[in-house]
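Okay, so here's the structure we're looking at.
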Amino acid sequence: MVREQVAAVLATAAADPSGIVPIVQAGHPALRMRAVPLTGQLDAATLAELVAVMRRTMHAAPGVGLAAPQIGLPIALAVVADPGGGDPEVEQIRERPELPFRVLVNPRYDLVPGEEPEPVAFYEGCLSVEGYQAVVPRLRRLRLVCTDEHGAAVDEVLQGWPARIVQHETDHLNGVLYLDRALTRSLSTVEEYGGHWASQPRPEEAARVLGF
């Protein structure tokens, strides 16, 4: 089944001059399914082709991460990349360095051994929930365990915005949308977020005004 689903997505990409595929939106069944682990169902060439399609689709959106369920594939695969940049003060507070492109196969995250959870709350959005932003509390630091696209083991500690991106994309593989974890009174359209809250390093003023 996985091979057939992937073949259909690759055919869709091949038929598009830009080589990208549509990003499904909230309500699509794939976004609420627990992803199937990748355990050799795809040969190396097919996986590489799928990763390339996901990378192009993520950059075209544009976004900083894309999980396979977001293109209708309930398999445990995600790609991430963040150029960083923006206001230096805001990015420093958000701990948002450049995150080079990488592939996460069967990722999971947990607390860093020996550390207490340190939640931090910032606005975030999702390519599968177009037009909105909301404040989401997430772990500041985490331990990421997965493999890369070549099968090499990954076991590392991430913090700040890279950790937030990994949590967001890994949640997709468990059928969880960011809105499930969001402080719902913070929900803003992209226009209102840009007009009122985007320039603020932390969402304290939004919390005061919007009451969350």
Side-chain angles (χ1 to χ4, degrees), residues 1-83 99-110 124-131 138 142-156 158 162-181:
M1 178 65 74
V2 168
R3 286 191 292 270
E4 290 79 1
Q5 291 175 314
V6 170
V9 167
L10 295 180
T12 299
D16 188 296
S18 60
I20 66 174
V21 292
I23 295 174
V24 303
Q25 296 300 303
H28 191 287
L31 295 174
R32 291 307 191 178
M33 297 172 65
R34 186 173 292 275
V36 175
L38 283 177
T39 55
Q41 302 97 318
L42 304 178
D43 61 59
T46 301
L47 178 59
E49 187 178 358
L50 177 59
V51 165
V53 168
M54 292 178 64
R55 185 177 190 172
R56 289 193 297 268
T57 301
M58 174 183 68
H59 287 316
V64 297
L66 186 72
Q70 294 181 273
I71 57 171
L73 292 175
I75 59 176
L77 174 67
V79 297
V80 298
D82 185 3
L99 176 62
F101 177 80
R102 62 189 306 185
V103 180
L104 312 178
V105 179
N106 301 330
R108 58 184 175 87
Y109 65 86
D110 206 341
E124 65 182 74
C126 180
L127 299 177
S128 290
V129 187
E130 289 183 346
R138 295 202 185 266
L142 56 78
R143 179 188 181 192
L144 167 66
V145 178
C146 63
T147 61
D148 66 14
E149 67 271 39
H150 307 296
V154 174
D155 187 341
E156 64 184 73
L158 298 174
R164 178 170 293 268
I165 294 170
V166 164
Q167 288 170 85
H168 182 115
E169 301 309 329
T170 303
D171 278 359
H172 272 303
L173 307 181
N174 293 308
V176 176
L177 294 176
Y178 86 101
L179 290 177
D180 300 331
R181 301 188 186 280

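No hydrogens, no waters, no symmetry mates; every other heavy atom, side chains included, goes into these values. Note that this is a predicted model, so its numbers are computed, not measured.
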Within residues 48-69 or reaching into it, pairs that qualify as side chain to side chain donor-acceptor pair (under 3.5 Å) - sequence neighbours excluded: none
Minimum heavy-atom distance between Leu177 and His172, given as atom pair plus value: CD2-CE1, 3.6 Å
Cys146 SG to Leu38 CG distance, which is reported to the nearest 0.5 Å: 12.0 Å
Minimum-distance pair of heavy atoms, taken over all atoms of Gln70 and Ser128: NE2-OG, 3.1 Å
Could you go through residues 7-16 and list every donor-acceptor pair under 3.5 Å that involves a side-chain atom there, pairing it with any protein atom two or more places apart or in another chain?
unit_1: Thr12; atom_1: OG1; unit_2: Ala8; atom_2: O; d: 3.1
unit_1: Asp16; atom_1: OD1; unit_2: Ser18; atom_2: N; d: 2.7
unit_1: Asp16; atom_1: OD1; unit_2: Ser18; atom_2: OG; d: 2.5

Electrostatic pair Arg102-Glu169, nearest N-O below 4.0 angstrom: no
With Arg181 via salt bridge (Lys or Arg N to Asp or Glu O under 4.0 Å) - residues at least two apart: Asp171
Pairs meeting criterion side chain to side chain donor-acceptor pair (under 3.5 Å) with involvement of residues 36-48, two or more places apart: Asp43-Thr46
Qualifying salt bridge (charged side-chain N to carboxylate O under 4.0 Å, His left out) pairs, either residue in residues 65-83, two or more places apart: Asp82-Arg96
Straight-line distance of Met33 CE to His28 NE2, nearest 0.5 Å: 10.0 Å
From CG (Asn174) to CZ (Arg108), nearest 0.5 Å: 11.5 Å
Flag if over 12 foreign heavy atoms under 6.0 Å of CD, Glu130: no
Minimum heavy-atom distance Ala26-Val129, with the two atoms named: CB-CG2, 4.3 Å
Identify all side-chain donor-acceptor contacts of residues 71-79 below 3.5 Å with residues at least two apart in sequence or on another chain.
none

Point-to-point distance, once rounded to the nearest 0.5 Å, from OG1 of Thr170 to CG of Asn106: 10.5 Å
Closest contact, heavy atoms only, Tyr178 versus Glu124: CE1-O, 3.3 Å
From Ile20 atom CD1 to Met58 atom CE, the distance as rounded to the nearest 0.5 Å: 12.5 Å
Point-to-point distance, once rounded to the nearest 0.5 Å, from CG of Leu144 to CG of Asp110: 11.0 Å
Closest contact, heavy atoms only, Val176 versus Arg32: CA-NH1, 3.9 Å
Exercise: identify the closest heavy-atom pair between Leu173 and Pro69: CD2-CD, 3.5 Å
Verdict with supporting geometry, Leu99 and Val64, side chain to side chain contact (heavy atoms under 4.5 Å, CB included): CA-CA 9 Å; Leu99 176 62; Val64 297; over 6 Å; no
